[in-house]
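Scope of the values below: all heavy atoms of this structure, side chains included, with no hydrogens, waters or symmetry mates. What you are looking at is a predicted structure, and each value in this text was computed from that prediction instead of being measured.
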Amino acid sequence: MEAYLVWTIIAIVILLLELTLNTIYLLAVFIGAVTAVCIAFMGGSFNTQLTAAAIVTIIGVIIAFFMRKHSRAKGQNSEEGNLDRDNLVEVKEIDSDGSARVSYRGTYWKAFAKDGTLETGMYRIDHVEGTRLIIKKK
């Protein structure tokens with residue numbers, strides 16, 4: 001069997017794994033395998049194929065690492081990703097620690113005032129910190 005066919009099969013298997021597991025790192029390995037397919041098709045030696053696949057994969061993993069790091073830095077609560085911002089919640093009772101238990105999206109959340117202390121009434125969600133709602137007066 002020709003080397004480029006073997007690399008093509010490897011690339012397809014890696015792509016199927018990527019589609020199943022949804023990791024960006026396997027995409028880098030897939031691109032490395034496709035690079036090896038191209039070099040094998042052009043008649044490059046096995047060592048050249050492996051070296052090119054390894055270099056492209058390493059570069060792809062580094063790029064994927066920084067892309068994921070950058071997307072995490074933006075965070076779920078960035079202005080563009082904060083779907084909860086400005087939704088209304090009602091504070092009916094204040095707990096002894098100054099927080100409130102509010103119903104939002106079908107479950108109860110611990111709510112804290114952004115500024116000052118909580119009183120009963122309607123509030124707008126400013127942002128979410130983990131499992132806590134940070135709210136401000138309407």
Enquirer: Could you tell me whether D126 and R85 make a salt bridge, using a distance below 4.0 angstrom between a side-chain N and a carboxylate O?
Expert: yes
Enquirer: Are I10 and F30 connected into the same hydrophobic cluster when the rule is that any two of I, L, V, M, F, W, Y join if their side-chain heavy atoms are below 4.5 Å apart?
Expert: yes
Enquirer: Between I125 and V89, is any pair of side-chain heavy atoms under 4.5 Å apart?
Expert: yes
Enquirer: Quick check: does any side chain N or O of D95 sit under 3.5 Å from a backbone N or O of D97, one acting as donor and the other as acceptor?
Expert: no
Enquirer: Okay, side chain of T48, backbone of G44: is any donor-acceptor separation there less than 3.5 Å?
Expert: no
Enquirer: Would a hydrophobic clustering, with Ile, Leu, Val, Met, Phe, Trp and Tyr connected at side-chain separations under 4.5 Å, put M67 with Y25?
Expert: yes
Enquirer: Drop me the distance from L19's CG to L26's CG, to the nearest 0.5 angstrom.
Expert: 10.0 Å
Enquirer: So how far is it from K110 NZ to R132 CZ, rounded to the nearest 0.5 Å?
Expert: 9.5 Å
Enquirer: Using a 6.0 Å cut-off, check whether atom NZ of K92 has over 12 heavy atoms from anything other than its own residue.
Expert: no
Enquirer: If you round to the nearest 0.5 Å, how far is CZ of F112 from OH of Y123?
Expert: 13.5 Å
Enquirer: Looking at W7 and A36, would you say the former's side chain and the latter's main chain have a donor-acceptor pair under 3.5 Å?
Expert: no
Enquirer: Measure the spacing between CD of E129 and NE2 of H127 and express it to the nearest 0.5 Å.
Expert: 3.5 Å
Enquirer: Establish whether I55 and I58 are linked, either directly or via other cluster members, by ILVMFWY side-chain heavy-atom contacts under 4.5 Å.
Expert: yes
Enquirer: Do F46 and V56 land in one hydrophobic cluster if side-chain heavy atoms of ILVMFWY residues count as linked below 4.5 Å?
Expert: yes
Enquirer: Please report the interatomic distance OH(Y108) to CG(L133), rounded to the nearest 0.5 Å.
Expert: 13.5 Å
Enquirer: Report whether V29 and F65 are members of the same hydrophobic cluster (ILVMFWY, side-chain heavy atoms less than 4.5 Å apart, transitive linking).
Expert: no
Enquirer: Could you tell me which non-hydrogen atom of V6 sits nearest to which non-hydrogen atom of M1, and how far apart they are?
Expert: CG2-SD, 3.7 Å
Enquirer: Of all heavy-atom pairs between A33 and I14, which one has the smallest distance, and what is that distance?
Expert: CB-CD1, 4.4 Å
Enquirer: Taking the basic N atoms (NZ, or NE/NH1/NH2) and the acidic carboxylate oxygens, is any pair closer than 4.0 Å for D115 and K137?
Expert: no
Enquirer: Nearest 0.5 angstrom please: T35 OG1 to L50 CG, how far?
Expert: 12.5 Å
Enquirer: Testing I135, D86, D84 one by one against R124 for a side chain to side chain contact (heavy atoms under 4.5 Å, CB included), which residue passes?
Expert: D86
